[in-house]
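The structure appears below as structure tokens.
Lettering of chains follows the sequences in order, A, B, ..., and the numbering in each one begins at 1. Everything numeric in this text was worked out from a predicted model, so none of it was measured.
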Amino acid sequence: MSSPVRVRFAPSPTGFLHVGGARTALFNWLHARHTGGTFVLRIEDTDRERHNEEAVRAIYDGLHWLGLDWDEGAEKGGDYGPYYQSERAPVYERYLKILQDKDMIYEDAGALRFRSPRETVTVHDEVCGSIPFDLSNPGTHPDMTVRRPDGSWIFHFVNVVDDIEMKITHVIRGEDHLSNTPKHVELYQAFGVEPPKFAHLPLILNPDGSKMSKRDTGASVQSYIEQGYAPEAVRNYLCLLGWSPKDNREILPIEEIINIFELKNINRRSAGFDLDKCFWMNGQYLLQMPLERFADFSIPFIDQAGINYGTREALLPALALVKEKVKHLTDVPAWIEFFFNDDYAYDQASVEKALRADGALERLHVIGDCLTRLELWTAESLESAFKALATTLGLKTAALVHPARVAATGRSVGPSLYHLLELLGRDRVLKRLTRTREKFTA
RNA sequence: GGCGCGCUCGUCUAGAGGCCUAGGACACAGCCCUCUCAAGGCUGGUACACGGGUUCGAAUCCCGUGCGCGCUGCCA
């Protein structure tokens with residue numbers, strides 16, 4: 001019988017949430033949810049950086065957006081707080097005392113160092129296997145500093161102390177910590193505590209193989225929020241970076257991933273971040289998303305673009321027509337604008353192509369006559385009308401559809417013409433045909 | 001430099017000795033569908049880093065080389 005799983009995400013507040021950090025948080029969360037364990041959020045705001053509310057906020061916001069809820073920790077509370085390292089000085093003092101009493105700490109130029117036992121330490125990693133590290137040579141493995149002369153604490157020390165105090169059972173973190181882990185194990189042993197299980201995650205790289213840093217495109221979770229990604233799409237994509245269900249499935253509901261997620265199935269090789277694929281996945285999610293949810297996501301972007309659509313009820317039909325076109329939520333306003341603005345702009349290239357062609361404007365006139373007499377104003381009847389008219393005139397349907405589309409929307413691309421005309425309504429369509437003809441006849 | 005980890009199509013990956021003339025997905029190209037753009041369907045391309053072993057047989061095991069990354073800090 002092993003004790004209940006307790007995992008943690010322990011970011012330091014740098015002002016934004018990095019996708020690498022988000023992936024680390026995600027894998028911790030998945031392991032917690034898969035095992036029914038507890039996911040803890042601890043803020044590692046040590047050293048001179050004072051507790052910065054804004055920087056911490058960026059972490060909360062990113063995690064909330066991705067749906068990675070934590071059970072315990074910063075902003076939430078719990079039995080093992082405080083969850084900000086800046087508030088845990090007494091704990092660190094207490095643990096320092098333990099080592100001092102064992103004569104394992106000495107002073108060096110004002111700083112405090114941990115005296116390494118100088119043994120071979122084997123790290124047992126759920127992902128990488130068992131790796132022995134020979135720490136016997138002080139030249140290559142100097143005694144680690146645990147506290148600076150100014151009294152501030154070093155990461156390795158506080159990290160281990162907190163994990164002990166918070167009863168963390170699995171340390172799941174980036175592979176950049178693998179080489180630090182034997183040092184951490186020495187500390188656990190010095191405290192007489194059984195080390196937790198470790199799982200080191202492969203790093204996330206740029207497409208060119210370089211390390212992903214702040215400035216790189218797509219590095220910040222915030223950028224996905226701003227560009228109109230669906231959180232579940234980004235989360236799904238992140239799951240596939242270093243983990244796979246191994247059965248060729250890629251788009252999986254998160255419940256299913258929680259179900260089959262195993263630390264053992266995590267890869268060891270670092271993964272290049274493929275923005276194209278993330279983009280594609282977002283389109284897939286938007287395509288399959290229920291209309292109401294799509295509307296919830298879209299409305300902020302529509303509002304931001306200043307489109308006056310009236311009521312949500314009026315907006316929904318337009319969104320329904322356009323949903324399958326959208327790859328980024330930021331594109332929604334451009335797709336639907338013509339529905340709500342009679343003074344829509346004409347795309348120059350589209351005008352040249354569809355309206356400047358021989359006879360195009362005359363055809364607009366004929367179409368107008370035809371639509372005036374149309375009995376039923378539905379997509380189906382519109383379609384038959386266009387096709388019948390084309391046959392009568394000895395034209396391809398496209399020769400009527402293209403000018404009509406540009407006249408009614410100002411653009412040459414968009415959703416199904418017949419459905420769009422239906423939604424616009426006869427009066428507005430006829431006015432638009434006339435307006436367009438007059439505008440370009442001069 | 002030392003130590004550690006890794007190396008399958010451009011990218012993410014499947015593959016745990018024979019099922020692999022290496023499968024899927026993204027991207028790319030072509031075709032089909034079609035009122036446009038997408039979506040969808042079909043088709044295509046020069047992927048097991050290299051060299052030695054072990055074995056009847058290796059992408060899969062072992063050793064070396066190379067390359068990449070990480071750690072080596074009074075950064076986290």
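Among residues at least two apart or in separate chains, ring-ring contact (aromatic ring centres under 6.0 Å, His included) pairs with a member in residues 157-179 of chain A are His31(A)-His170(A), Trp153(A)-Phe157(A), Phe155(A)-His177(A).
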Report each atom pair, protein N/O against N/O of nucleotides 24-31 of chain B, whose distance is under 3.5 angstrom.
from: rG24(B); atom 1: O4'; to: Asn248(A); atom 2: ND2; distance (Å): 3.4
from: rG24(B); atom 1: N2; to: Glu250(A); atom 2: OE2; distance (Å): 3.2
from: rA25(B); atom 1: O4'; to: Glu250(A); atom 2: OE1; distance (Å): 3.4
from: rA25(B); atom 1: O2'; to: Glu250(A); atom 2: OE1; distance (Å): 2.4
from: rA25(B); atom 1: O2'; to: Lys277(A); atom 2: NZ; distance (Å): 3.2
from: rA25(B); atom 1: N3; to: Lys277(A); atom 2: NZ; distance (Å): 3.1
from: rC26(B); atom 1: O2'; to: Lys277(A); atom 2: N; distance (Å): 3.3

Taking N or O atoms only and anything under 3.5 Å, show me the protein contacts with nucleotides 32-34 of chain B, one pair per line.
none

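Using a 4.0 Å heavy-atom cutoff across all strands shown, Ser350(A) reaches no nucleic acid atom at all. Residue Asp108(A) is in base contact, counting any heavy-atom pair closer than 4.0 Å across all strands shown. Among the heavy atoms of the strands, none lies under 4.0 Å from Ala10(A). Gly242(A) comes within 4.0 angstrom of the backbone, heavy atoms only, and of no base.
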request  = Please report the C-alpha distance between Arg8(A) and Asp162(A) in whole Å, then the side-chain angles of each, then the deciding distance to 0.1 Å, and finally whether the salt bridge (charged side-chain N to carboxylate O under 4.0 Å, His left out) criterion is met.
outcome  = CA-CA 10 Å; Arg8(A) 48 57 166 190; Asp162(A) 287 343; over 6 Å; no
task = Apply side-chain contact (heavy atoms from CB on, under 4.5 Å) to Leu286(A) and Lys327(A), showing your working.
result = CA-CA 7 Å; Leu286(A) 293 179; Lys327(A) 292 298 200 65; 5.7 Å; no
message = side-chain contact (heavy atoms from CB on, under 4.5 Å) for Phe191(A) and Val161(A)? Distances and angles first, verdict last.
response = CA-CA 9 Å; Phe191(A) 288 122; Val161(A) 168; 4.2 Å; yes
ask   = How far apart are the C-alpha atoms of Phe273(A) and Tyr237(A), what are their side-chain angles, what is the distance that settles it, and do they pass the ring-ring contact (aromatic ring centres under 6.0 Å, His included) test?
value = CA-CA 10 Å; Phe273(A) 194 89; Tyr237(A) 178 70; 5.2 Å; yes
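The 5' end of RNA chain B is approached more closely, in terms of each residue's nearest nucleotide, by Pro415(A) than by the other of Gln85(A) and Pro415(A). Summary of the strand contacts: Phe133(A) and Ile154(A) both lie near RNA chain B, and taking for each the nucleotide with the nearest heavy atom, the more 5' one is attributed to Phe133(A).
If you take NZ of Lys323(A) and C1' of rA38(B), they are 13 Å apart, rounded to a whole angstrom. Leu321(A) has its CG atom 14 Å from the C1' atom of rA38(B), to the nearest Å. We find that OH of Tyr84(A) is positioned 19 Å from P of rA76(B), with the value rounded to whole Å. The separation between Lys183(A) atom NZ and rG4(B) atom C1' is 13 Å, rounded to whole Å. Per the geometry, CE belonging to Met144(A) stands 15 Å off P belonging to rC75(B), to the nearest Å. One atom, CG of Asp143(A), and another, P of rU72(B), lie 15 Å apart when rounded to the nearest Å. Rounded to an integer number of Å, the gap from CZ of Arg23(A) to P of rC12(B) is 12 Å. We find that CG of Asp134(A) is positioned 10 Å from P of rC3(B), with the value rounded to whole Å.
Within the 3.5 Å criterion, the main-chain N or O of Asp108(A) finds no donor-acceptor partner in the side chain of Arg113(A).
Between Leu421(A) and Leu417(A), some side-chain heavy-atom pair lies under the 4.5 Å cut-off. With contacts defined as side-chain heavy-atom distances shorter than 4.5 Å, the pair Leu201(A)/Arg23(A) qualifies. Trp243(A) has its side chain within reach of Ile257(A): a pair of non-hydrogen atoms, C-beta onward, lies under 4.5 Å apart.
Taking 4.0 angstrom as the limit, Arg113(A) places a side-chain polar atom (N or O) nearer than this to OP1 or OP2 of rC74(B). Note on Asn180(A): every side-chain N or O is 4.0 Å or more away from OP1 and OP2 of rC75(B). Checking the phosphate oxygens (OP1, OP2) of rG6(B), a side-chain nitrogen or oxygen of Arg268(A) falls inside 4.0 Å. Contact annotation: Lys246(A) side-chain N/O to rU13(B) OP1/OP2 distance is not under 4.0 Å. At the phosphate of rA38(B), neither OP1 nor OP2 sits under 4.0 Å from any side-chain N or O atom of Arg411(A). In this structure, Asn159(A) does not reach the rA76(B) phosphate: none of its side-chain N or O atoms is under 4.0 Å from OP1 or OP2.
Base pairing of rG2(B): its partner is rC71(B), meeting the Watson-Crick or G-U wobble criterion (both donor-acceptor distances under 3.5 Å). Across all strands shown, rA14(B) forms no Watson-Crick or G-U wobble pair with both key distances under 3.5 Å. The base-pairing partner of rG40(B), taking Watson-Crick or G-U wobble contacts with both distances under 3.5 Å, is rC32(B). When both distances must be under 3.5 Å, the Watson-Crick or G-U wobble mate of rC48(B) does not exist. Shown here, rC19(B) forms no base pair; nothing in the strands shown gives a Watson-Crick or G-U wobble contact with both key distances under 3.5 Å. The partner of rC61(B) is rG53(B), by the rule that a Watson-Crick or G-U pair needs both atom distances under 3.5 Å.
Listed nucleotides rU36(B), rA38(B), rA39(B) differ in distance to Leu287(A); the shortest reach to its side chain belongs to rA39(B). In the set rC12(B), rC35(B), rG4(B), the nucleotide with an atom closest to the side chain of Arg269(A) is rC12(B). Among the nucleotides rC7(B), rC75(B), rG40(B), the one closest to the side chain of Gln284(A) is rG40(B). In the set rU36(B), rC74(B), rG4(B), rC74(B) carries the atom at the smallest distance from any side-chain atom of Thr145(A).
In this model, a donor atom of one side chain and an acceptor atom of the other lie less than 3.5 Å apart for Asp45(A) and Ser86(A).
Close placement of the His328(A) and Phe279(A) rings is indicated, their centers lying within 6.0 Å of each other.
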ask   = In the 5'-to-3' direction, what one-character label does each nucleotide of nucleotides 58-70 of chain B receive under the scheme B = base within less than 4.0 Å of a protein heavy atom, S = sugar-phosphate only, - = no such atom?
value = -----------SB
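For Arg94(A), the salt bridge (charged side-chain N to carboxylate O under 4.0 Å, His left out) partners two or more places apart in sequence, or in a different chain, are Glu165(A). Contacts of Glu126(A) classified as salt bridge (charged side-chain N to carboxylate O under 4.0 Å, His left out), with partners at least two apart in sequence or in another chain: Lys264(A).
Remark: the separation of the P atoms in rA22(B) and rG44(B) is 12 Å, to the nearest Å. A gap of 7 Å separates the C1' atoms of rA14(B) and rG24(B), to the nearest Å. Using atom P as the reference point in both rC50(B) and rG70(B), the two lie 25 Å apart (nearest Å).
The base of rC3(B) has none of its N or O atoms less than 3.5 Å from a complementary donor or acceptor on the side chain of Thr140(A).
The cationic atom of Arg435(A) (NZ for Lys, CZ for Arg) lies less than 6.0 Å from the six-membered ring centre of Tyr344(A) and within 45° of the ring axis.
Between the CG atom in Leu178(A) and the CG atom in Asp125(A) there is a gap of 6.0 Å [rounded to 0.5 Å].
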